[in-house]
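Just so it is clear, the model here is predicted, and its values are computed rather than measured.
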Amino acid sequence: MENNTLISYELEEMRAQLGMLKDKLEKQTIINETHIRNSMKSKMSDINKTVTGTIIAGVFALCYSTWFFYWQDFSLAFVIATFVMLAVCLGITIAQRVILGKMDFSQGNLVETAEKLSKIKKHYQDWYKIAIPMIIIWFGWMMYEMISIHGMESPMAIGFCCGATIGGILGGIIGMRINRKVARKATEILDQISELQQGI
């Protein structure tokens, strides 16, 4: 009888310990999930700041370029083409910022979030395929316009072409770094979403 009581007591104690261990594991899982979600929110905040900075720069470029090229007597076709190009790029970036701003890493559906983020990441990765040919054509056109107005030997044309070339190279480097940063942060977030979906 005493043996049965002792066995029963030990079983109850084991059940209690298992229950405590289960509670501890559940709390640890919640802590891990909360930590991962907070980390994702931090990375998304970095992406949003980067994209917002791009939008501000885009608004300035749109206004200044339109005014400058018109003031320099560039052809109306070039001024309009430049305006449309910058406006479309700016519009796409604003649309992406709106999508990013609606992503909820606290309680949101991570499957939908991952799908949206994957599309934005792909856009930034594929940006070079469209942007580089477009910029080369636009840049060549701009040089042609300046030389047509002021002449090949004009100090104004020479100074402008040299400055535009240096500015274009620096702008391209900055643009590539921004794109890589956004794509890298998006990849990190997608990896963390994958961790959560696997039960971490």
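In the hydrophobic clustering of ILVMFWY residues, with side-chain heavy atoms under 4.5 Å counting as a link, Ile135 and Ile173 come out apart. Each of Ile92 and Met176 belongs to its own hydrophobic cluster when Ile, Leu, Val, Met, Phe, Trp and Tyr are linked at side-chain heavy-atom distances under 4.5 angstrom. At a threshold of 4.5 Å between side-chain heavy atoms, the hydrophobic network of Ile, Leu, Val, Met, Phe, Trp and Tyr places Ile166 and Met143 in two separate groups. There is no path of hydrophobic side-chain contacts, each under 4.5 Å, that joins Tyr144 to Ile158. By the rule that hydrophobic residues join a cluster once side-chain heavy atoms approach within less than 4.5 Å of another member, Ile80 and Tyr70 end up as members of separate clusters.
Taking NZ from Lys43 and CD from Glu188, the interatomic distance works out to 5.0 Å, rounded to the nearest 0.5 Å. Put simply, CG on Leu90 and CD1 on Ile94 are 4.0 Å apart, with the number rounded to the nearest 0.5 Å. Rounding to the nearest 0.5 Å places NZ of Lys119 at 12.5 Å from CD of Gln96. Once rounded to the nearest 0.5 Å, the distance linking CD1 of Ile189 with CD1 of Ile120 reads 10.0 Å. For the atom pair Asn48 CG and Ile55 CD1, the distance stands at 9.0 Å (nearest 0.5 Å). In this structure, NE2 in His123 is found 6.0 Å from OG1 in Thr93, a value given to the nearest 0.5 Å.
For Trp138, the side-chain hydrogen bond (donor to acceptor under 3.5 Å, both in side chains) partners at least two apart in sequence or on another chain are Thr82. Not a single side-chain hydrogen bond (donor to acceptor under 3.5 Å, both in side chains) links Asp73 to another residue, sequence neighbours left out.
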| message | Phe69 vs Glu145, test: side-chain contact (heavy atoms from CB on, under 4.5 Å). Steps then yes/no. | response | CA-CA 10 Å; Phe69 292 131; Glu145 290 276 338; over 6 Å; no
| query | When you look at Leu117 and Met44, which way does the side-chain contact (heavy atoms from CB on, under 4.5 Å) test go after all the steps? | reply | CA-CA 10 Å; Leu117 193 57; Met44 182 54 66; 3.8 Å; yes
| task | Go through the steps to decide whether Gln72 and Phe160 satisfy the test side-chain contact (heavy atoms from CB on, under 4.5 Å), and finish with yes or no. | result | CA-CA 11 Å; Gln72 285 290 323; Phe160 177 84; over 6 Å; no
| message | I'd like to know whether Val182 forms a side-chain contact (heavy atoms from CB on, under 4.5 Å) with Lys121, so could you lay out the CA-CA distance, the side-chain angles of the two residues, the decisive distance to 0.1 Å, and finally the verdict. | response | CA-CA 7 Å; Val182 172; Lys121 175 189 169 184; over 6 Å; no
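Counting heavy atoms of neighbouring residues, nucleotides and ligands inside a 6.0 Å radius, atom CZ of Phe139 exceeds 12 of them. More than 12 non-hydrogen atoms from other residues, nucleotides or ligands lie less than 6.0 angstrom from CZ of Phe78.
With respect to Lys129 and Asp126, a salt bridge is recorded, a charged nitrogen being found less than 4.0 Å from a carboxylate O.
Residues Arg97 and Thr54 have side chains not in contact (no heavy-atom distance under 4.5 Å, counting atoms from C-beta outward). Using a 4.5 Å heavy-atom cutoff, the side chains of Ser65 and Met85 are not in contact.
Aromatic pair Tyr64/Trp67: ring centres closer than 6.0 Å.
Of all non-hydrogen atoms in Ala81 and Trp141, the two that sit nearest each other are CB-CZ3, 3.6 Å.
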